[in-house]
2 protein chains.
Amino acid sequence: MDAMAAVPLFKGLSEKQIDDLARAFPRRSYAAGETIFREGEPAEGFYILLSGRLKIYKLSMEGKEQILHIIEAGEPFAEVALFSETTFPAYAEAIRESEVMFFSRKAFQQLVRNDPSIIMNMLAILSQRLKYFTRLVEDLSLKEVPQRLAAYLLFLADREGSRQVSLGISKGQLASLLGTIPETLSRITARMAGGGLIEMQGRRITIIDRDGLEALAEGMRGLQKGGSRFQVPGRRLKTKREA
Amino acid sequence: MDAMAAVPLFKGLSEKQIDDLARAFPRRSYAAGETIFREGEPAEGFYILLSGRLKIYKLSMEGKEQILHIIEAGEPFAEVALFSETTFPAYAEAIRESEVMFFSRKAFQQLVRNDPSIIMNMLAILSQRLKYFTRLVEDLSLKEVPQRLAAYLLFLADREGSRQVSLGISKGQLASLLGTIPETLSRITARMAGGGLIEMQGRRITIIDRDGLEALAEGMRGLQKGGSRFQVPGRRLKTKREA
DNA sequence: CACAGTCTGTAACTAATACCACATTTTAGC
DNA sequence: GCTAAAATGTGGTATTAGTTACAGACTGTG
């Protein structure tokens, strides 16, 4: 299984070891839209996403969702369940056809006994996650939506190494990931397009003015309000920043 | 050293082992207001807070701060630096006279070699942190300030096992921890007091109506707007919830 | 090809809360 | 205990972004 070799958690293991793992643990497929687990359910172990894509999210009382994570192939999820925790702290739902592998608490301990290097890999992954959350909190509380979107687009562009990025998720999902709602997101993408920062083709976005996006992400400038693309250059809006 | 025995990271170690540790690693004291490290500085290792209290926080471009964590005695901090990371992802500043112990990356690896149980403790701590951030993100994006404050007061009350809680930090710091500003916090505490939910004596708060606070934290009810404490009972405000 | 369903975009309105200014209280140092 | 400095409280205003409503675009299906 090629997918197994690309799993960061198994970095450093031999081909044979990975082969053994691939055979030893149960798998399951989920269709797009299917729920893998719900917040509050007893958590018996953790998962690795072998293929597909899924979202980890929270729901408010009113039903509003905040996506915590988009999990891509190769990444583990619900690792928190392995330790201190007995119930899942969030929801997990496939956003496309996905295949996952499950590791019970006991199985993981067995695993670690055989290959101690796995535990260091796990620590590295957890600390990466922590750093990710650190940034998410910063973005949500210290930045406004246009800045968050700009930062996210730049992140995607860097990851794909291209000026043209495909979201991979719907606009509504993107809104949830950025901590906002589709309407607001729509307005902002329209403003960005109007300002000549990006161009949109459905779920595909082309970055036109990378420097402008970066300045926006860093909070060095605002985003034009009107839709017209002919305005006095320089910053506008956000008068607080003038002070 | 008694403080050492209370460090969760060293849970399961013998007295002698802890004694050795207490002697083997460097310490340093910081006065209230002193900075331990800044975001972006190279991170060589992690710390344990032996006594005192400190805040881990982020700063926005405009200088607004968001506190990520209030670290209490016994807790490690900047553990993220041990793995994947080479620079601190946030600031750390003592909010009162504090003493910390430092563990370099190398020292930690040595430590783990001698006492493998430490690595499991570390994993447990990291996953607790992860869960904490999960909630912080949820609160910031899905809840409004009154709900966050109510949840925080209940958290403190549970931790201290008393109806009367002392904040331990200034109101301004609390505002930053809740992702808001002192003025807004002040208004909300006034409304809570007016609504008979709490009573305030400086940095000491007494919970009067625990059920009411819980209902508020869960989003089951809103918070009266006017200062008057005589109003129609039941929920008000937040008409969206009626739908 | 028509239909239903979902996703996306636009507009008007509103609510929460940040911003600014200032009064008041508390704290700390002398 | 007095004074300066910091923290806190309060009023008024401005702004971001959520809410509601609806129209158009896209998708897949019979």
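Note that these values count all heavy atoms, side chains included, but never hydrogens, waters or copies made by symmetry. Numbered from 1 within each chain, the chains take letters A, B, ... in sequence-line order. Please read these numbers as outputs of a predicted model, since none were measured by experiment.
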Which residues satisfy the ring-ring contact (aromatic ring centres under 6.0 Å, His included) test with A/F133, sequence neighbours excluded?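 Counting only residues at least two positions away or on another chain, A/F133 forms a ring-ring contact (aromatic ring centres under 6.0 Å, His included) with A/H69.
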Applying ring-ring contact (aromatic ring centres under 6.0 Å, His included), can you list everything that pairs with B/F25, at least two apart in sequence or on another chain?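 Per chain and number, B/F25 pairs via ring-ring contact (aromatic ring centres under 6.0 Å, His included) with B/F103.
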Atom pairs, protein N/O to nucleotides 24-30 of chain D N/O, distance under 3.5 Å:
none

Tell me the interatomic distance from [X], atom [atom1], to [N], atom [atom2], rounded to whole angstroms.
X	N	atom1	atom2	result
B/M192	D/dG9	CE	P	14 Å
A/L178	D/dA17	CG	P	11 Å
B/R191	C/dA16	CZ	P	8 Å
B/L140	C/dT17	CG	P	12 Å
A/R148	D/dG18	CZ	C1'	12 Å
B/I188	D/dG11	CD1	P	15 Å
A/I181	D/dA17	CD1	P	11 Å
A/L142	D/dT16	CG	P	16 Å

Can you sort out the partners of A/E183 under salt bridge (charged side-chain N to carboxylate O under 4.0 Å, His left out), two or more places apart, ordered by chain and number?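 Partners of A/E183 by the salt bridge (charged side-chain N to carboxylate O under 4.0 Å, His left out) criterion come out as none, since no residue qualifies.
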Test salt bridge (charged side-chain N to carboxylate O under 4.0 Å, His left out) applied to A/R135 - qualifying residues, sequence neighbours left out: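 A/R135 satisfies salt bridge (charged side-chain N to carboxylate O under 4.0 Å, His left out) with A/D139 only.
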Where do B/Q66 and B/G179 come nearest, in terms of heavy atoms and distance?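 Nearest pair, atom of B/Q66 first, then B/G179: OE1-CA, 3.1 Å.
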Write down the atom of B/V7, the atom of B/G74, and the distance for their closest heavy-atom approach.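 Heavy atoms only, the tightest pair is CG1-O, 3.6 Å.
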To the nearest 10°, let me know how far the axis at one end of the helix from C/dC1-D/dG30 to C/dC30-D/dG1 is tilted from the axis at the other, five pairs an end.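 If I round to tens, the end axes sit 50° apart.
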Matching residue for B/F102 among B/F46, B/F37, B/Y30, B/Y47 - test: ring pair (Phe, Tyr, Trp, His ring centres under 6.0 Å):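 Among the candidates, only B/Y47 passes.
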Mind checking side-chain contact (heavy atoms from CB on, under 4.5 Å) for B/E65 and listing every partner two or more places apart, or none if nothing turns up?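 B/E65: side-chain contact (heavy atoms from CB on, under 4.5 Å) contacts with B/K55, B/Y57, B/L59, B/I67, B/Q173, B/S176.
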Partner set under side-chain contact (heavy atoms from CB on, under 4.5 Å) for A/A215, not counting sequence neighbours: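 With neighbours one apart ignored, the set is A/M220, A/R221.
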Run the side chain to side chain donor-acceptor pair (under 3.5 Å) test against B/D211 and tell me which residues pass, sequence neighbours left out.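 With sequence neighbours excluded, B/D211 shows a side chain to side chain donor-acceptor pair (under 3.5 Å) to no residue whatsoever.
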Summarise protein proximity over nucleotides 22-30 of chain C in one line of letters, 5' to 3': B for base, S for sugar-phosphate only, - for none, counting protein heavy atoms closer than 4.0 Å. ---------
Heavy-atom protein contacts under 4.0 Å, nucleotides 6-11 of chain C, coded B base, S sugar-phosphate only, - none: --SBBB
Is a salt bridge present between A/E62 and B/K143, judged by a nitrogen-to-oxygen distance below 4.0 Å?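 Between B/K143 and A/E62 there is no salt bridge, as every charged N stays at least 4.0 Å from the carboxylate O atoms.
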Ion pair present between A/R53 and A/E75, side-chain N to carboxylate O less than 4.0 angstrom?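 Result for this pair is no, no salt bridge flagged.
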Using a 3.5 Å cut-off and no angle test, enumerate the donor-acceptor pairs between side-chain atoms of residues 160-168 of chain B and protein atoms at least two apart in sequence or in another chain.
{"residue": "B/S162", "atom": "OG", "partner": "B/Q164", "partner atom": "N", "Å": "2.7"}
{"residue": "B/S162", "atom": "OG", "partner": "B/Q164", "partner atom": "O", "Å": "3.0"}
{"residue": "B/Q164", "atom": "OE1", "partner": "B/R204", "partner atom": "NH1", "Å": "3.0"}

